Amino acid sequence: MAERKWILLVSLAFIVAMSCSSSRIMKSSQLQYSYMGELTSMILGKLRFWATFNNGVDGDGAKSRAIGPNMTACHHSYGRPDLLVYCCPPGFEKSVPFVEFEFPDHLSPVRVRRPAHLLNESFIAKYNKALSIMKSLPYDDPRSFTRQAELHCQFCTGAYEQLNHSDSPVNIHRTWLFFPWHRMMIYFHERILGSLIDDDSFTLPFWAWDIPEGMPVPDYYVNKNLAFFHTERDFSHFPPRVADLDYSTENDPPRVSNDEQIDVNLKFMYTQMVSGARKTELFMGCAYKAHDGYCNSPGTVESAPHNTLHTWMGSGLNPGREDMGKFYSAAKDPIFYAHHSNIDRLWEVWREINDRQLDITDPDWLDSFFFFYDQNSKLVKIKVRDVLDITKLGYSYEEVDHPWLNHRPSPSVPPKQARQMLKLKENKNPVFVSDFRPDGRVLDGIITVKVSRSMKREIKSVEEEETIVVYGIEVKGNDYVKFDVYVNLSDETKMNPRFREFAGTFAHIPGAAMKKKIKLKLGVSDLLKDLEADEEESIWVTLSPVTVSCSNVSIEGIQIEYTK
């Protein structure tokens, strides 16, 4: 691409040089002025063409490590490791003119997104009408429901290559692009729906599965007479059953009552949103930059409840629990949009909890960009920096309680008693980190290892978060994989997020084949204090396979890091 630009520059320079010679033989100064004006217009036109052809990346953009897709290089990709899919838009081979994103008029009414379970019949009818129209649009209309759904397929399976890096696919999962990309998608989807019914106040609802009254699937999503209904779901999970935020495919039928599930959910949310997410990387995911290949380390909420609820909603009759259970097909289900509206809301809640002190300022993240069609069928280039202030985007969320903030788990066993029990177990069957082999250890059963934390414990900064890192995770096969991580677990009958020993979970939906192995990072500073282990030289870390598919998982090791 750079060579073509230099050739064009040389050509333009030649034209300018020739124009000077031509101007000498022109007798009329008026003609000379007219000629130079036309020349200027032509040059500017060529420059505008560069912007279109290069997806808006200028010369300095080649030096940037921001991520952006090459929109003219789409291809088949893997929706499951065993399934090749094709979700490229028609005519992608040709460059399409685009416009830069502009914020909506600040004088326009703010669109307030409401909890899905509180919508009245009037709003449900309005949303049903908009969705029905969207589903009726022809495939060649980028606003159609099918084309909207395929957006997620394109960017979650690596169908696009990075601009200027043809060997590096763009993927928006398990990286710091997870939250902003989905915000962009939901934003344009919402405005398209509103335009179809000529309602500039229309908003998507959010499925408030983090509060007790919002945990069941909203009733209108299971009404067969409405556009929200979808056949590829697990019907055993319909109301009155409460959503399982810590879902494992082995949890059917449910092992607890709805009231007990609510308690598990709230304590699980505390770990994922508060104690395990005190640093940016732990919540947002790893830093994904051009030239670096693909980083592979999800944030807490992306792993669960995001992944767990995708799997919980998908049909157990399909090989990958499609549609919601696989990312290539998830957006075909209308509940995807309510699910991700809540994910988007929780990003804002996390930012508020931390007084926005953990916001990313890295220019490579801020300048990463994507393209979406708007309500007028115009292709819009939008950057991450454009979507960080939802007030400027013209929407907000109706305030709801955050009951999980008051559900900090307690230890299952008094900490002193737990240490004594663990030492007795260690004397009988000592297991250390060194037991992991270079080629990995298969997670075909519970693994407990003693991990030293003395090396850096004395120099740990107050601003640093002690972090358990399970690294070199390799997942084979097509099935949903889930294992939990516990610290100083003395009683294996109490392996449950309701207890403080629970450090976090690895909930994984296999998709596009990525070469890079996965890292699971879990913040445990508060947990160690609650377990009275913050002064210990070492801790016991237990990996507990929750799904049978964990027999297809190998792990290279576990270590302690300190995250700034």
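Since we're looking at a predicted model, the values are computed, not measured.
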Decide if the gap between the ring center of [X] and the ring center of [Y] is smaller than 6.0 angstrom.
X      : Y      : result
Phe336 : His152 : yes
His310 : His340 : yes
His75  : Tyr160 : no
Tyr86  : His76  : yes
Phe101 : Phe372 : no
Phe371 : Phe98  : yes
Tyr127 : Phe202 : yes
Phe235 : Phe238 : yes
His182 : His173 : yes
Tyr397 : Phe206 : yes
Trp347 : Phe179 : yes

Other residues, nucleotides and ligands only: do more than 12 of their heavy atoms fall within 6.0 Å of [atom1] on [X]?
X      : atom1 : value
Asp105 : CG    : yes
Glu93  : CD    : yes
Lys378 : NZ    : no
Glu352 : CD    : yes

- Return each pair, listed once, that meets side-chain hydrogen bond (donor to acceptor under 3.5 Å, both in side chains) where at least one residue sits in residues 206-219; pairs must be two or more places apart or across chains.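 Those involving residues 206-219 are Trp209-His339, Asp210-Asn342, Asp210-Arg345, Asp210-Trp404.
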- Between Ser257 and Asp259, is any side-chain donor less than 3.5 angstrom from a side-chain acceptor?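 Side-chain D/A pair, Ser257 to Asp259: absent.
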- So, Ser122 and Asn120: side-chain donor and acceptor under 3.5 Å apart, yes or no?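 Looking only at side-chain atoms, Asn120 and Ser122 do not form any donor-acceptor pair under 3.5 Å.
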- With sequence neighbours excluded, what pairs up with Cys153 under the disulfide (SG to SG under 2.5 Å) test?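 Applying disulfide (SG to SG under 2.5 Å) to Cys153 gives Cys87.
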- Residues two or more places apart in sequence or in another chain: which of them pass salt bridge (charged side-chain N to carboxylate O under 4.0 Å, His left out) with Arg143?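 Arg143 satisfies salt bridge (charged side-chain N to carboxylate O under 4.0 Å, His left out) with Asp141 only.
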- Task: Quick one: list whatever passes salt bridge (charged side-chain N to carboxylate O under 4.0 Å, His left out) with Asp401, sequence neighbours left out.
- Result: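 With sequence neighbours excluded, Asp401 shows a salt bridge (charged side-chain N to carboxylate O under 4.0 Å, His left out) to no residue whatsoever.
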Can you give me every donor-acceptor pair (side chain of residues 475-482, partner residue at least two apart or in another chain, under 3.5 Å) with its distance?
| unit_1 | atom_1 | unit_2 | atom_2 | d |
| --- | --- | --- | --- | --- |
| Asn478 | ND2 | Asp82 | OD2 | 3.2 |
| Tyr480 | OH | Tyr247 | O | 2.7 |
| Lys482 | NZ | Asp246 | OD1 | 2.7 |
| Lys482 | NZ | Asp484 | OD1 | 2.7 |
| Lys482 | NZ | Thr505 | OG1 | 3.0 |

- Task: Name all residues meeting the side-chain hydrogen bond (donor to acceptor under 3.5 Å, both in side chains) criterion together with Trp181; count only those two or more places apart in sequence or in a different chain, and write none if there are none.
- Result: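 Residues passing side-chain hydrogen bond (donor to acceptor under 3.5 Å, both in side chains) with Trp181: none at all.
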- Task: Can you spot which of Val222, Asn223, Ile124, Ile335 makes a side-chain contact (heavy atoms from CB on, under 4.5 Å) with Phe228?
- Result: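 With Phe228 as partner, side-chain contact (heavy atoms from CB on, under 4.5 Å) holds for just one option, Ile124.
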